[in-house]
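Comments concern the structure below.
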There are 2 protein chains.
Amino acid sequence: MMSSIGGSLERMSTQKTPRIDPLTVEVVDLIGTVVARYHEEYEEAASEHALTGAQARLLSLLSLEPLPMRRLAQKLKCEPSNVTGIVDRLEARGLVERRPDPADRRVKLAAVTVEGLGVARSLRDSLRFAREPLAGLSREERVSLRGLLLRMLSGSAGVGGPGGS
Amino acid sequence: MMSSIGGSLERMSTQKTPRIDPLTVEVVDLIGTVVARYHEEYEEAASEHALTGAQARLLSLLSLEPLPMRRLAQKLKCEPSNVTGIVDRLEARGLVERRPDPADRRVKLAAVTVEGLGVARSLRDSLRFAREPLAGLSREERVSLRGLLLRMLSGSAGVGGPGGS
DNA sequence: TATTGTTATACTCTATAACTATA
DNA sequence: TATAGTTATAGAGTATAACAATA
């Protein structure tokens, strides 16, 4: 699904755009490939558990801690009205439940059930991307990659960290 | 939208799963952040041109060469029936057109119009991710990053390249 | 018979706007 | 009045199955 993104940058040097050197184009294309791989594997892992991508992400979030619907919308970067439906479907499968918030009766806390936690763990375990691609790198190479990615991310705006929001 | 993926791996070391060392977890989380950034920027660039992500990807593909509907489905990794709708919407805006294939009258070739090519170029130019994040890296660092990403990707199965299929 | 593209259908995700119950 | 969550609605993407035209 994402495999076309990187490729579309290949002819950049023929345009009147600020020129980009071939090395940079190559690195950007490689990042595009990594992005495509990451996505394919995430969607595949989700569908192995009969979950959509959005459901899998929400379930993973809740496996860490219960959250108000509003907070879930912020973390998923979507409107609160959408969260209602996603939680509905997970709740119908018994993976998630809604609890009242004692401190504010307007708030509903979404929380994983025991079964939901099991699915979340199984989902996480099937994310092979965490193991295989990095398996080809030595410890020093991983340290080096970590440093480069950190510099790459901190060098531009609007980045908080993996947890988002 | 993707920002929850990386975070869900943080507690992996507390599970009975094959143990993953903290360094690897850190690198995987960083990759998750890169993936999230890449996506946000791509969707943002698309919507600046009043395109959805799928429409932007299809348009970018066609800006390189006309393709049969079937090939588009393969490149986008979706069913051919979906491509009909996406091309319909782009065609309604005059960005894409369907042409007969002289060699096989069953085939319809989707191709960008002149206007579509302009939008595709403008879209590509607004993909700031290609410039800013890598701007913080020296030439040697980019070479190093390229090498690490190449080794990472070639070390696992099922990878062709940025262009896919 | 097999293949290409389309249609019909159903589901999910998405944003917007209006509603309710609390605060 | 402001906020949290929901409902209603509409558009887009997705997969499946059935279909017409062509090979």
Side-chain angles (χ1 to χ4, degrees), chain A residues 1-5 39-40 42-44 46-59 61-62 66-93 95-111, chain B residues 1-2 4 39-40 42-44 46-59 61-62 66-93 95-111:
Chain A
M1 166 65 96
M2 299 295 309
S3 55
S4 62
I5 294 178
H39 255 274
E40 282 167 30
Y42 196 85
E43 294 290 322
E44 187 183 322
S47 89
E48 278 169 12
H49 294 80
L51 296 169
T52 65
Q55 288 165 9
R57 286 188 283 276
L58 195 151
L59 191 64
L61 275 177
L62 290 188
L67 290 170
M69 304 296 279
R70 211 96 189 165
R71 291 284 299 139
L72 275 173
Q74 291 168 345
K75 296 240 185 198
L76 295 175
K77 298 193 201 305
C78 71
E79 295 301 313
S81 60
N82 302 324
V83 177
T84 299
I86 301 174
V87 168
D88 280 350
R89 287 179 276 275
L90 289 172
E91 194 168 34
R93 283 180 54 185
L95 304 180
V96 158
E97 64 182 11
R98 284 171 166 94
R99 298 177 191 160
D101 181 342
D104 186 337
R105 290 195 308 181
R106 291 174 303 180
V107 173
K108 289 179 188 171
L109 294 171
Chain B
M1 168 65 99
M2 299 295 307
S4 61
H39 256 273
E40 282 167 30
Y42 196 85
E43 295 290 322
E44 187 184 321
S47 90
E48 278 169 13
H49 294 79
L51 297 169
T52 65
Q55 287 165 11
R57 286 187 284 276
L58 194 150
L59 192 64
L61 275 177
L62 289 189
L67 290 169
M69 304 296 278
R70 210 97 190 166
R71 290 283 298 140
L72 276 173
Q74 290 168 345
K75 296 238 185 200
L76 295 174
K77 298 193 200 305
C78 71
E79 295 300 312
S81 60
N82 302 325
V83 176
T84 298
I86 301 172
V87 168
D88 279 351
R89 287 180 277 274
L90 289 173
E91 194 167 34
R93 284 180 55 188
L95 304 181
V96 158
E97 64 183 10
R98 286 171 165 94
R99 299 176 191 162
D101 182 342
D104 185 338
R105 291 195 307 180
R106 291 173 303 181
V107 173
K108 288 179 188 170
L109 293 172

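In the text below, chain A, chain B and the rest are named by the order of the sequence lines, each starting its count at 1.
Two residues, A/I86 and B/D88, neighbour DNA chain C, and the one matched to the more 5' nucleotide by heavy-atom proximity is B/D88.
The list of side-chain hydrogen bond (donor to acceptor under 3.5 Å, both in side chains) pairs with a residue in residues 100-109 of chain B, not counting sequence neighbours, reads B/D104-B/R106.
Not a single donor-acceptor contact under 3.5 angstrom links the side-chain atoms of A/S81 to the base of C/dT14. At a cut-off of 3.5 angstrom, the base of C/dT22 holds no donor-acceptor pair with the side chain of A/R105.
At least one side-chain nitrogen or oxygen of B/K108 sits closer than 4.0 Å to the OP1 or OP2 atom of C/dT6. Within the 4.0 Å cut-off from OP1 or OP2 of D/dG13, at least one side-chain nitrogen or oxygen of B/R89 is found. In terms of phosphate contacts, A/T52 brings no side-chain nitrogen or oxygen within less than 4.0 Å of OP1 or OP2 of C/dC11. For A/K77, no side-chain nitrogen or oxygen approaches OP1 or OP2 of C/dT14 to under 4.0 Å. Phosphate proximity of D/dG5 to A/R106: absent, as no side-chain N or O sits under 4.0 Å from OP1 or OP2.
The line from CZ of A/R57 to OG1 of A/T52 is 7.5 Å long, rounded to the nearest 0.5 Å.
You'll find that the side chain of B/R98 is closest to C/dT6, out of C/dT6, D/dT22, C/dA15. The nucleotide whose nearest atom lies closest to any side-chain atom of A/N82 is, among C/dA15, D/dG5, C/dG5, C/dA15.
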* Asked: Does the salt bridge (charged side-chain N to carboxylate O under 4.0 Å, His left out) test come out yes or no for A/R98 and A/D88, once each step is laid out?
  -> CA-CA 9 Å; A/R98 284 171 166 94; A/D88 280 350; 3.0 Å; yes
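The bend of the helix from C/dT1-D/dA23 to C/dA23-D/dT1, defined by the angle between the axes of its first five and last five pairs, stands at 10° to the nearest 10°.
Atom CD in B/Q74 sits roughly 17 Å away from atom C1' in D/dA15 (whole-Å rounding). Between the CE atom of A/M69 and the C1' atom of C/dT22 there is a distance of 16 Å, given to the nearest Å. Regarding B/R70, its CZ atom lies at a distance of 14 Å from the P atom of C/dA2, rounded to whole Å. Here C/dG5 presents its P atom at 15 Å from CZ of B/R99, a figure rounded to the nearest Å.
No donor-acceptor pair under 3.5 Å is formed between the side chain of A/S47 and the backbone N or O of A/A50.
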